[in-house]
Amino acid sequence: MEIFKIKDLSFKYPDTEEKALNHLSLTIYAGEFVVICGPSGCGKSTLLRLMKKDLSPFGDTSGDILYVGKSLNDWDEKTLVEDIGFLFQDPDNQIIMEDVLQEIVFGLENIGCSNVEMRKRVAELVHTFGYEQLLDKKVSELSGGQKQILNLLSILLLKPKVLLLDEPTSQLDPIAAKDLLLILERLNTELGITIILVEHRLEELFDLADRVMMMDKGDIACNGTSREVIHAIHQQQDQRFLLYLPAVSLLYLEKSLDTSMEGIPLNVKHCKAWMSSVSSKISSNVMVSEQKAISNERPIIELKDVFYQFNKDLPMVLRDLNIQVNTGDFHAIIGGNGSGKTTLLKVCLGILKPQRGTVRIFGKKYSKKLGLELYKKIAYIPQNPLTFFVQDSIEKEMYHIAQERNIKNPELIITKRLQQLGINHLRKKHPYDCSGGEIQKAALACMLMEEPEILFIDEPTKGLDPISKQQLAKILNQLHLDGITIIMVTHDIEFAAQHATTCAMMFNGNITVEASPEKLFKGNYFYTTTMNRVTQNSDFPEVLTLEEAKALWKKEKLFSSL
Amino acid sequence: MVISMESGFRSYHPYVQFCYYLFAGFLIMYFNHPIFLTSVLLLLILVNLSHDGGKALRKWILILVIMSAIIILLNPFLVSRGTTILFYFRGKQVTLEAAMYGITMALFIVNILILFISFNLILNGNRFLYIFSKFLPRTAFLIMISIRFVPLLKRRLDQISEVHLIRGMSMTTGSLKSRMKNGMLRMQILLTWSLEEAVQSADSMKARGYGLGNKTSYIPYKMKKRDWSWLITLCILFCLCIAGGTLGYGKLMIYPELGTLDFFLIDWVLFICMIMLVAFPLMIEGREKIRWKFSR
């Protein structure tokens, strides 16, 4: 049964030249798990919002959207609210109420559900998803992942037939994201709810999805099953989407001799099966890793025996923590949610004062007098870079900084920085109108005005699409080569493994291991990259990244014997 | 001590709890007999102890003691009404009546405050709003949303402050003018940012059908048999007290001349009614404790 049929849909936002959606046609069948992806600004969110009538953006629409055979405008509002659920990106902003229970029943109250019916539905659903212990809590006590599941439950109580999800996992850590995706899979297979998901983080999604759609410039560029799409993109070497493909599939397509479409592995299990079928005669070379570091042994930040707690009654967040960052390092701090990563960063920055222990930066302790002088040499990009901007355009912001800091020739420096980061075209834009990747670069450009020596960056890859992520990596690597010490907090292990020179793993308020990425990640179960999971305990040399695998396996002429 | 939301006085319906506080508060204001008020004070302290072991009360105890001491000491020196003169202070008469009035006044205020501490522990947040939402559903909803936004705004402001600190826009150093300017900038960003985020909250409300009309509200509380029986008991006790009060019992004549502190028969009846009413939470907690002991 066709649940959605979109016919020749075009959409243009007011005051823009380009169409956000360009004569798009699409059919979605009941019970499908559809994943839509594409670069920022390709119109995927616009499409999703047009499918939920209450959220349709304002602008010129032409064409038609049919829901179960009838145009969206012909359905009555209540049915549409109940049938089509919409989950947003930010876990926090969607929550209206203070209590978990009240938030869950919010939708039911609005549609005028009776008390008995509400009780029944709440009991059933909360039990199914094992959410009982959180029911009496306040919303502010929940973690990001729990909040997003709460939002999902609140929608599910309305018994929707279709779920529209707009990057629901982009603000979550990998484990919480995985939990949410598992719930979606369950909803799809057990209840037959149609799921339409817009997402950047696709490694696991290719395995879950029945159908994948790649969008670009307001139209669908690629549409088919996961394997069809992967195959097509790889065949055409489509640079727009190549980065979206899972590493395991790419490895297969690069290295396998008979690249049949059915054989494309979508997860670690498939990939391992394929590898063991190919060859077992390869001897594993010990890899000589290239030393990326231009680090010397001059410590730039030193933390000794640091203890920190937010409140006297709360447990210690940092316990007896020692860390030393040398000048010229690209230091990544990884760890799960609540392990104290961000707290550590704030202690390093002098925003939080530890109860015990010493923090030295450039060999000095933080003090009120020194504070402002020290901060001139430090750049900090918070998780949400929007907080950074005071002025109403990026250019104005940079002039403002130049004026405050008495920088001569501001025009020259501003243009240089903007070009270096590739955002010169955005200089007149309001920061709030930029996408996540753009705003991050803009904040970076502003911070770089003062030629800092250390860059602190908190979760830089959160919510970025693969292309922006690649650009960010390039920029960070360039800055690192220019001699800036970078300290990055992240839970993106692939990113840390690819670019950092030193990685430290945080667990339970302490740094448990500190080593080069190769040493730290190899052999782990979860705290490692997909590539490593595929290659560990196999007859193939153990690698961390796809690039490594490509380079190494070529040298050994893996398949020449076949 | 573990505080359970599910047992004892807390497990009763909000209406019953609200009636208890309403009645007890009214009676504290109605009767001014020091013996009445002193007994109520003792009972209310016990009630508070039964809630959380006196944790909330402990924070207030110093303020309460100082305040009542000031009232008791100052009243006779400032007011010279009354006929029974105790002594003269700097040529002004200090009367027994004024002293007595100070004591009843202090007892009254302390009682009300302790009752309010207990109220805060029992009828917090949602339970209170639930009662409220019957009469003013829209206002209650608005309050609920606002409550959620307070910690959210606080967290955002913290984030902004951190970034500004690194940018060298401090609020703790520099001239008063620059500090004020920096503070205003923070507020301005908080406002624009929050408005931006609020659009998403509005979308989320719309997506879940807010404004379709015919809004019902989920009622997590049910009036059970024991709720009804206690409610009726409380009402009867309250009516008896009021009836007695209108006849002039339970009250002490202070001005112009102090009346007798002695109890008449009806005074005793009123006294017992009032004690029973105020001790309502204690009776519930006590009964539950005894049941536990014997059921094991």
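Here is how names work: the chains are called A, B, and so on, in the same order as the sequence lines, proteins then strands, and each is numbered from 1. These figures come from a predicted structure and were not determined experimentally.
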Contact check, side chains of [X] and [Y], non-hydrogen atoms, under 4.5 Å:
X      : Y      : result
B/T216 : A/S114 : no
B/R208 : A/E103 : yes
A/F86  : B/D203 : no

Residue pair [X] / [Y]: nearest heavy atoms and the distance that separates them:
X      : Y      : answer
B/R167 : A/I401 : NH2-CG1, 3.3 Å
B/V163 : A/Y380 : CG2-CE2, 4.4 Å
B/M205 : A/F106 : CG-CZ, 3.9 Å

Partner set under side chain to side chain donor-acceptor pair (under 3.5 Å) for A/K346, not counting sequence neighbours
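If we apply the side chain to side chain donor-acceptor pair (under 3.5 Å) test to A/K346, skipping adjacent residues, the hits are B/E162.
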Do other residues, nucleotides or ligands put more than 12 heavy atoms under 6.0 Å from the [atom1] atom of [X]?
X      : atom1 : value
B/Y15  : OH    : yes
B/K181 : NZ    : no
B/M283 : CE    : yes
B/W60  : CH2   : no
A/E132 : CD    : yes
A/K462 : NZ    : yes

Is chain B contacted by the side chain of [X], its backbone, both, or neither, given a heavy-atom distance below 4.5 Å?
X      : answer
A/Q102 : side chain
A/E404 : side chain
A/R49  : side chain
A/K78  : both
A/L55  : side chain
A/Y432 : both
A/V390 : both
A/E117 : neither
A/N151 : neither

Pair B/Q159-A/F388, side chain to side chain contact (heavy atoms under 4.5 Å, CB included): steps then yes or no
CA-CA 9 Å; B/Q159 283 180 29; A/F388 184 88; over 6 Å; no
Taking every non-hydrogen pair under 4.5 Å, which of [options] racks up the most with chain B?
options                        : answer
A/N115, A/I378, A/L386         : A/N115
A/M97, A/Q383, A/Q89           : A/M97
A/P385, A/C446, A/S154, A/S140 : A/S154
A/D99, A/L80, A/N93, A/D90     : A/N93
A/P382, A/A379, A/C113         : A/C113

CG-CG distance between A/D76 and B/L212, expressed to the nearest 0.5 angstrom:
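That separation rounds to 9.0 Å.
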Atom pair CD1 (B/I160) and CG (A/N384), whose distance is rounded to the nearest 0.5 Å:
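B/I160 CD1 to A/N384 CG: 9.0 Å, rounded to 0.5 Å.
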Residue among B/A198, B/A202, B/S201 with most heavy-atom pairs under 4.5 Å to chain A
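The residue among B/A198, B/A202, B/S201 with the greatest pair count is B/S201.
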Whether B/R148 side chain and A/I95 backbone form a donor-acceptor pair below 3.5 Å
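Flag set: sc B/R148 to bb A/I95 pair under 3.5 Å.
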Checking an interface table here. Which of residues 186-197 of chain B come within a heavy-atom distance under 4.5 Å of chain A?
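Contacts with chain A: B/Q188, B/I189, B/T192, B/W193, B/E196, B/E197.
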Please assess B/Y210 against A/E109 for the test side chain to side chain contact (heavy atoms under 4.5 Å, CB included), listing each intermediate value before the final yes or no.
CA-CA 9 Å; B/Y210 183 73; A/E109 289 181 336; over 6 Å; no
For the pair A/I351 and B/I166, evaluate side chain to side chain contact (heavy atoms under 4.5 Å, CB included) and give the outcome as yes or no after the intermediate values.
CA-CA 8 Å; A/I351 294 171; B/I166 308 290; 4.2 Å; yes
Portion of B/L185 that has a non-hydrogen atom of chain A nearer than 4.5 angstrom
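For B/L185, side-chain heavy atoms alone lie under 4.5 Å from chain A.
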List the steps, then state whether side chain to side chain contact (heavy atoms under 4.5 Å, CB included) holds for A/D92 with B/R155.
CA-CA 12 Å; A/D92 249 322; B/R155 222 178 45 228; 2.8 Å; yes
Side-chain donor-acceptor pairs under 3.5 Å in residues 451-460 of chain A, sequence neighbours left out?
residue: A/E451; atom: OE2; partner: A/R417; partner atom: NH2; Å: 3.4
residue: A/E459; atom: OE1; partner: A/H491; partner atom: N; Å: 3.3
residue: A/E459; atom: OE1; partner: A/H491; partner atom: NE2; Å: 3.4
residue: A/E459; atom: OE2; partner: A/H491; partner atom: ND1; Å: 3.4
residue: A/E459; atom: OE2; partner: A/H491; partner atom: NE2; Å: 3.4

Apply ring-ring contact (aromatic ring centres under 6.0 Å, His included) to A/Y399 and list each qualifying residue two or more places apart in sequence or on a separate chain.
none
